[in-house]
Amino acid sequence: MSLLDRDGIRVSVGDAVATVTLTRGEKRNAQTPAMWRALAEAGRILPGDVRVVILRGEGASFSAGLDRRAFTPEGIDDDLSFADLARRPDAEVDAVIAGFQEAFTWWRRNDLVSVAAVQGHAIGAGFQLALACDLRVCAQDAQFAMRETSLGLVPDLGGTHPLVSLVGYARALEICGTGRAVRADEAERIGLANLVVPPADLDAAANDLAAALLAAPRDALTETKALLRAATTHGYDEQRGAERAAQARRLRDLAGLGE
């Protein structure tokens, strides 16, 4: 079932799995505000029975980052020019960037597990979009780079929190500060990639992971994901309490006593 096909995004759903595809392959899936609005809408329109979302990009690259027209005075189709944005009041700049971030925030909802299938370049906004997902399956030719700092900017699309959570502060600072490429073998070694496969096997590997995730009962996986996400901020005793409460809910549900 096709749900959305516009502004460089295509969304289809089948058997509790949604596939979100970046379709600007000829532009290495360079991102635009229109694409971000479509990505945010994708999260809003997913049917309630969707349990896994696979994010992929057409062509040789997952996403080479922001469309460079944003750096020109004309901007991207009169939609984003950094020169224009810089002249606006702080509150307006904050609101504009918050709107952009909506494309990157819904992938970690507790009722979904999101899987990025990454090939070729995942640079800047492309890196942050891969980081927005819960899991990353990478082709052997994948390479991640956070180039914002070398352009005089900062990563502002929600990527700093998951990057530090995955690789630690010192390595995250080194990756962002230098803008260097992190290739697939290193990405797997440091925790950025869950799995690395030959490029020809990328889609199959993502589909196999989705099928394995669907094998678990939905409510148990949802509760487990919520627990694991909370563990990054909870203290030990608080987390043990959250585990007890979640298990009580699961036991009552399995006994037919749930609400």
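Note: hydrogens, waters and symmetry copies are ignored here, and every other heavy atom, side chains too, is used.
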Do any pairs count as a side chain to side chain donor-acceptor pair (under 3.5 Å) and have a residue in residues 168-180, sequence neighbours left out, and if so which ones?
-> E174-R180, R180-E186
Could you give me the CA-CA distance, side-chain angles and deciding distance for L129 and L39, then say whether side-chain contact (heavy atoms from CB on, under 4.5 Å) is met?
-> CA-CA 10 Å; L129 191 54; L39 283 170; 4.2 Å; yes
Side-chain contact, heavy-atom cut-off 4.5 Å: V182 with F127?
-> no
Under a 4.5 Å cut-off applied to non-hydrogen side-chain atoms, are W36 and I9 in contact?
-> no
Working to the nearest 0.5 Å, report the span between OG1 of T233 and CD of Q239.
-> 8.0 Å
Check whether any side-chain N or O of S61 sits under 3.5 Å from a backbone N or O of R28 as a donor-acceptor pair, and report yes or no.
-> no
Is there a salt bridge (charged side-chain N to carboxylate O under 4.0 Å, His left out) between R88 and D84 once you walk through the steps?
-> CA-CA 7 Å; R88 302 186 191 183; D84 173 69; 2.6 Å; yes
Within a strict 4.5 Å, meaning less than it, do heavy atoms of the I123 and Q143 side chains meet?
-> no
Are the side chains of L192 and V167 in touch, meaning some heavy atoms are under 4.5 Å apart?
-> yes
Short side-chain to backbone donor-acceptor contact, T21 and R56, under 3.5 Å = no
Mind checking the SG-CG spacing from C176 to L163? Nearest 0.5 Å is all I need.
-> 5.0 Å
Answer yes or no: is there a donor N or O on one side and an acceptor on the other, between the side chain of S81 and the main chain of I76, under 3.5 Å?
-> no
Is the shortest heavy-atom distance from the side chain of V53 to the side chain of V17 under 4.5 Å?
-> no
For the pair N29 (side chain) and E58 (backbone), establish whether a donor and an acceptor sit closer than 3.5 Å, ignoring hydrogens and angles.
-> yes
Residue pair L46 / V11, side-chain heavy-atom distance below 4.5 Å = yes
Decide whether T32 and D67 meet the rule of one side-chain donor and one side-chain acceptor closer than 3.5 Å.
-> no
Under 3.5 Å: donor-acceptor pair, side chain of Q119, backbone of G59 = yes
Report all side-chain donor-acceptor pairs from residues 93-104 shorter than 3.5 Å, counting only partners two or more places apart or in another chain.
residue: Q101; atom: NE2; partner: D156; partner atom: O; Å: 2.8

Minimum side-chain heavy-atom gap L112-W106 below 4.5 Å | yes
How about N110 and R229: do any of their side-chain heavy atoms sit closer than 4.5 Å?
-> yes
